[in-house]
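The next block holds one structure in the form of structure tokens; read it before the comments.
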Amino acid sequence: MSEFSGVKQPEFDTMTSKHAQTASRLEELAQALHRELKSAGLDTAPATRLRQLAGRVTTQAADLRRRQRLVHELQRQKVTFGRSTPKGSFLEVPDNLEAAQGLLDGTLAGRAALKAADGDRKALAELQKYASRTGDPEFVKSFLRTLGALGVTRVPGAIAMQLRDAKKRQDAEGVTQLSRQGQKVLGMLSTALAKGTDPRSPAYVGADFLKGLVKEGRAEHKAGDTKYSGYQAQALIWRAHDGKPPFSKEFMEVVGRDVIVYEHEQRKDQWAAAKDPLGRYVKGKQLPIIDLAGAFGLGTLLRPGTQAGSPGMESQSAVVDNLFHAAKSSREASQALLNHTPAGWKESVLDYLITTRWSASRFLNDYKPIRDMLTIATTGQDATSKKLAAEMIKTLSDQISGAFSKDTENLEIKNRYLFDRYAPLGYPLGRAIAANIEQLSELLLNHAAFGKVEAKDMAYALVLATADDAAFEGLVRAQTEHMKAALESVPPVGLNVSNAERLGFTKSDVKQHDRNGDGRVDMDDIQHFLVDRTAAEARPFGFIVETRRQVLIAQGLDDRKANEALKSMVGSALGLLPVPGAKQVTELAKGAFGELLGKGYDKFAGAAYDEIARQAAQRMFEHGRTMDETHAALANDRLAVERLGEQMLTTAMLNKGMLDDLNPRKQTFVTGTPPRLKPFAQMTPQEYSQFLKWARAEGGMNDLLDRFSGTFRRTSEIHDYLDLKVPSSTEGGK
Amino acid sequence: MAELDREAMRAAAQRIQRLSDEHWWALDPACRFMENDAWVGPTGARFDTQVHADQRELRAMLAQAVDSAKQKLASTPGKS
């Protein structure tokens with residue numbers, strides 16, 4: 001509880017005036033005393049101290065004046081009132097001057113907003129002026145408290161109605177002005193609302209406000225003679241949100257969840273009537289509740305950044321899509337919406353949105369909010385993200401598996417409707433799998449389960465995901481990082497118990513890897529483990545690339561060219577970039593990697609694979625050079641991935657000291673005395689090509705490359721999972 | 001500078017005493033308003049404490065100036 005603070009009048013006013021006078025008197029005193037003491041030959045120190053004192057009192061007087069001005073204004077505007085206490089009758093005023101200013105401005109802004117909610121155009125213009133004050137928590141609190149949940153709901157209603165009327169009248173100038181003002185005010189409201197409804201914000205106005213938003217959201221309101229439901233208006237505020245700060249999970253728990261339940265309550269009968277006995281929407285569409293801008297035909301006039309009159313503006317949004325837009329700036333908020341089963345429901349909100357309600361999303365084609373929300377909710381490394389990722393993978397896999405024929409040689413789509421239906425979710429699905437790329441290996445190699453997802457489910461999920469170009473690229477990048485990390489975990493040549501700790505390994509690592517028990521990890525040992533890891537990593541690669549190939553074939557698309565993103569990964573030598581926080585690098589390798597890391601790359605040690613992959617891609621992009629000339633000629637994705645594999649395996653052999661026996665002298669790619677590898681970043685494509693040729697002279701290299709290729713190209717397993725006919729000839733693709 | 005003779009020193013001491021008398025109560029209004037709760041709350045309480053301390057400082061400095069003048073006067077020889 002904060003202490004009471006306030007002033008007694010007229011005593012405070014009198015004190016303020018007197019103190020100003022006192023300040024001048026003390027200034028004069030200090031000067032006069034200084035003169036007297038000096039001319040009498042006395043110590044002038046007292047006068048010096050008095051001059052400092054006068055300075056302090058002057059400052060005090062100025063502060064009192066500032067406070068006095070605010071007190072008068074607060075009283076004049078009837079923001080603050082008298083209050084009786086045992087000590088007398090006081091005007092309550094915030095203790096801190098900024099807070100007092102915030103109280104004043106917030107209250108005045110709130111009053112302007114209330115007038116604007118009643119259609120006052122001048123008040124709307126007035127309100128705009130306060131837009132930049134949302135950085136002040138006291139302002140936000142006073143603003144929202146004055147406006148109330150009802151006011152918050154009615155302001156967008158009033159703006160939308162006025163805009164509709166201006167459009168009807170063909171008042172182009174009015175439309176432009178209202179569009180501009182409306183965008184600004186809605187932006188201001190969304191910032192204030194996000195802050196005021198976050199318990200962790202100093203601007204928090206309390207739980208009752210959230211309950212008020214629900215009550216007004218569900219209630220019917222009127223703008224002129226038009227009726228609308230509160231959430232339709234509040235939705236315009238959510239869509240104006242710029243993410244700073246994000247809406248809180250509490251907002252989503254109280255308001256967000258209710259919005260979804262409310263729509264279902266309102267629409268379930270119509271939705272049921274629009275379906276045929278097979279559950280398809282043939283007798284009508286699955287209509288969502290449209291926001292007020294859509295209902296009034298305003299298109300995107302009230303969305304931030306839209307210029308009135310610009311093309312492509314005539315679109316509609318559903319109330320819930322605007323909600324997803326507000327949620328998607330925060331993982332916690334998004335998860336609060338999705339990871340919840342409303343009372344009496346048999347499915348979670350996540351499942352509901354991508355199955356039962358999905359046709360409503362298809363109706364409007366406004367996919368960005370839901371895709372962004374699903375992506376952020378499922379790509380974290382926390383337990384809830386993983387849970388939601390597994391749920392989404394399983395649900396979509398169950399939906400999509402029936403779209404394909406069984407027992408065909410290649411994948412065939414037998415239900416195009418079903419396949420197209422879920423295509424927009426391919427990207428978030430791919431991102432979720434990429435963030436959990438480790439699970440892909442676990443499923444394939446160890447027959448583990450990921451939530452309720454089994455290997456067969458993952459296969460179908462990959463079909464949907466790899467149909468999306470960006471998702472496919474993300475998956476290849478993530479598996480590339482995964483493989484690099486697996487190779488990195490193999491110890492270097494010469495590891496023994498005395499150097500283990502220095503090199504970042506333990507004594508038990510030595511024991512585990514020293515197969516012939518001679519106390520030292522030697523080349524044969526390393527070769528053995530590299531082969532093992534290579535084979536293990538090649539399998540998920542095979543899965544990803546083969547499902548991509550099959551889904552292209554199923555769609556009648558050309559599977560015979562290489563994806564452009566893959567080609568550029570090869571070209572910029574993504575496979576060469578070391579793992580962040582790599583344990584150690586041999587002498588030979590140090591030169592080669594020196595500059596590739598750049599600043600700050602190492603801080604991604606411990607991040608999720610798809611995040612590292614994104615950063616690695618960023619490095620390569622900045623690096624901007626083409627290293628591997630073969631990328632241009634790569635005929636298909638399999639060859640591209642094999643080339644990436646070669647880059648990775650070469651890096652691993654270099655790093656572990658497996659190439660130390662080879663003599664690099666007199667090669668184009670070495671420099672200096674003693675000869676060191678040139679940094680990769682400085683090698684020309686020809687030198688890089690020479691380097692690879694030289695590395696292949698090390699016998700173990702060919703073995704690794706063959707093992708990678710052989711395992712990677714084995715398609716029988718994935719074909720089994722997809723119920724494809726296994727050809728009678730031996731395994732291996734074209 | 002020239003040393004003051006006794007008469008000049010006495011006049012100076014008197015002027016210094018007058019400055020002290022005139023300004024002794026300068027901060028008293030603020031102190032009393034605050035003692036009577038003209039402004040309450042944490043910041044007001046800090047101002048209250050400060051202004052009382054300022055009054056003590058004012059009086060201490062005035063007294064110090066007066067004392068040093070008196071002492072010098074006492075040790076100034078009469079008309080030579």
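Chain letters run A, B, ... following the sequence lines, proteins first, then strands; residues in each count from 1. Here the structure is a predicted model, which is why all the values come from computation and not from measurement. Values reported hereafter were calculated over all heavy atoms of this structure, with side chains retained and with hydrogens, waters and symmetry mates removed.
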Q | pair B:Thr43-A:Asp63: side-chain heavy atoms closer than 4.5 Å | A | no
Q) Is there a side-chain contact between B:Glu57 and A:Leu50 (heavy atoms, below 4.5 Å)? A) no
Q.
I need the minimum non-hydrogen distance between B:Ala12 and A:Ala40, along with the two atoms involved.
A. CB-CB, 4.3 Å
(Q) Between A:Leu53, A:Leu37, A:Val7, A:Leu29, who has the most heavy-atom pairs with chain B when the cutoff is under 4.5 Å? (A) A:Leu29
Q: Please state whether the side chain, the backbone, both or neither of A:Leu97 comes within less than 4.5 Å of a heavy atom of chain B.
A: neither
Q. Does any heavy atom of chain B fall under 4.5 Å from the side chain of A:Val93, the backbone, both, or neither of them?
A. neither
Q | Region of B:Ala69 that comes under 4.5 Å of a non-hydrogen atom in chain A | A | both
**Q.** A:Val57/B:Leu27 under side chain to side chain contact (heavy atoms under 4.5 Å, CB included): CA gap, chis, key distance, verdict
**A.** CA-CA 9 Å; A:Val57 174; B:Leu27 283 169; 4.3 Å; yes
Q: Grab the two heavy atoms, one from B:Gly44 and one from A:Asp95, that are nearest each other, plus how far apart they are.
A: N-OD1, 4.2 Å
Q) Checking heavy atoms, do the side chain of B:Pro29, its backbone, both or neither come under 4.5 Å from chain A? A) side chain
Q: Would you indicate whether the side-chain heavy atoms of A:Leu42 and B:Met9 approach each other to under 4.5 Å?
A: yes
Q.
Is it true that, when you exclude A:Arg56 itself, more than 12 heavy atoms of the residues, nucleotides or ligands shown sit nearer than 6.0 Å to its CZ?
A. yes
Q. So do the side chains of A:Gln60 and B:Val51 get within less than 4.5 Å of each other, counting heavy atoms only?
A. yes
Q | Minimum heavy-atom distance A:Met15-B:Ala30, with the two atoms named | A | SD-O, 4.1 Å
Q) If you count heavy-atom pairs under 4.5 Å between each of B:Gln50, B:Arg32, B:His23, B:Gln64 and chain A, which one has the most? A) B:His23
Q. Considering all heavy atoms of both residues, which atom of B:Pro42 and which atom of A:Ser5 are nearest to each other, and what is their separation?
A. CD-CB, 4.5 Å
Q.
Tell me whether B:Lys72 at atom NZ has more than 12 heavy atoms from other residues, nucleotides or ligands lying less than 6.0 Å away.
A. yes
Q: Using a cut-off of under 4.5 Å on heavy-atom pairs, state which of A:Asn96, A:Leu26, A:Leu91, A:Thr44 scores highest against chain B.
A: A:Leu26
Q. What are the two closest heavy atoms between A:Phe90 and B:Asp37, and how far apart are they?
A. CE2-O, 3.2 Å
Q.
Between A:Leu33 and chain B, with a heavy-atom cut-off of 4.5 Å, which part of the residue counts as in contact: side chain, backbone, both or neither?
A. both
Q.
If you define the side chain from C-beta out and look only at heavy atoms, does anything of B:Trp39 sit under 4.5 Å from A:Arg67?
A. yes
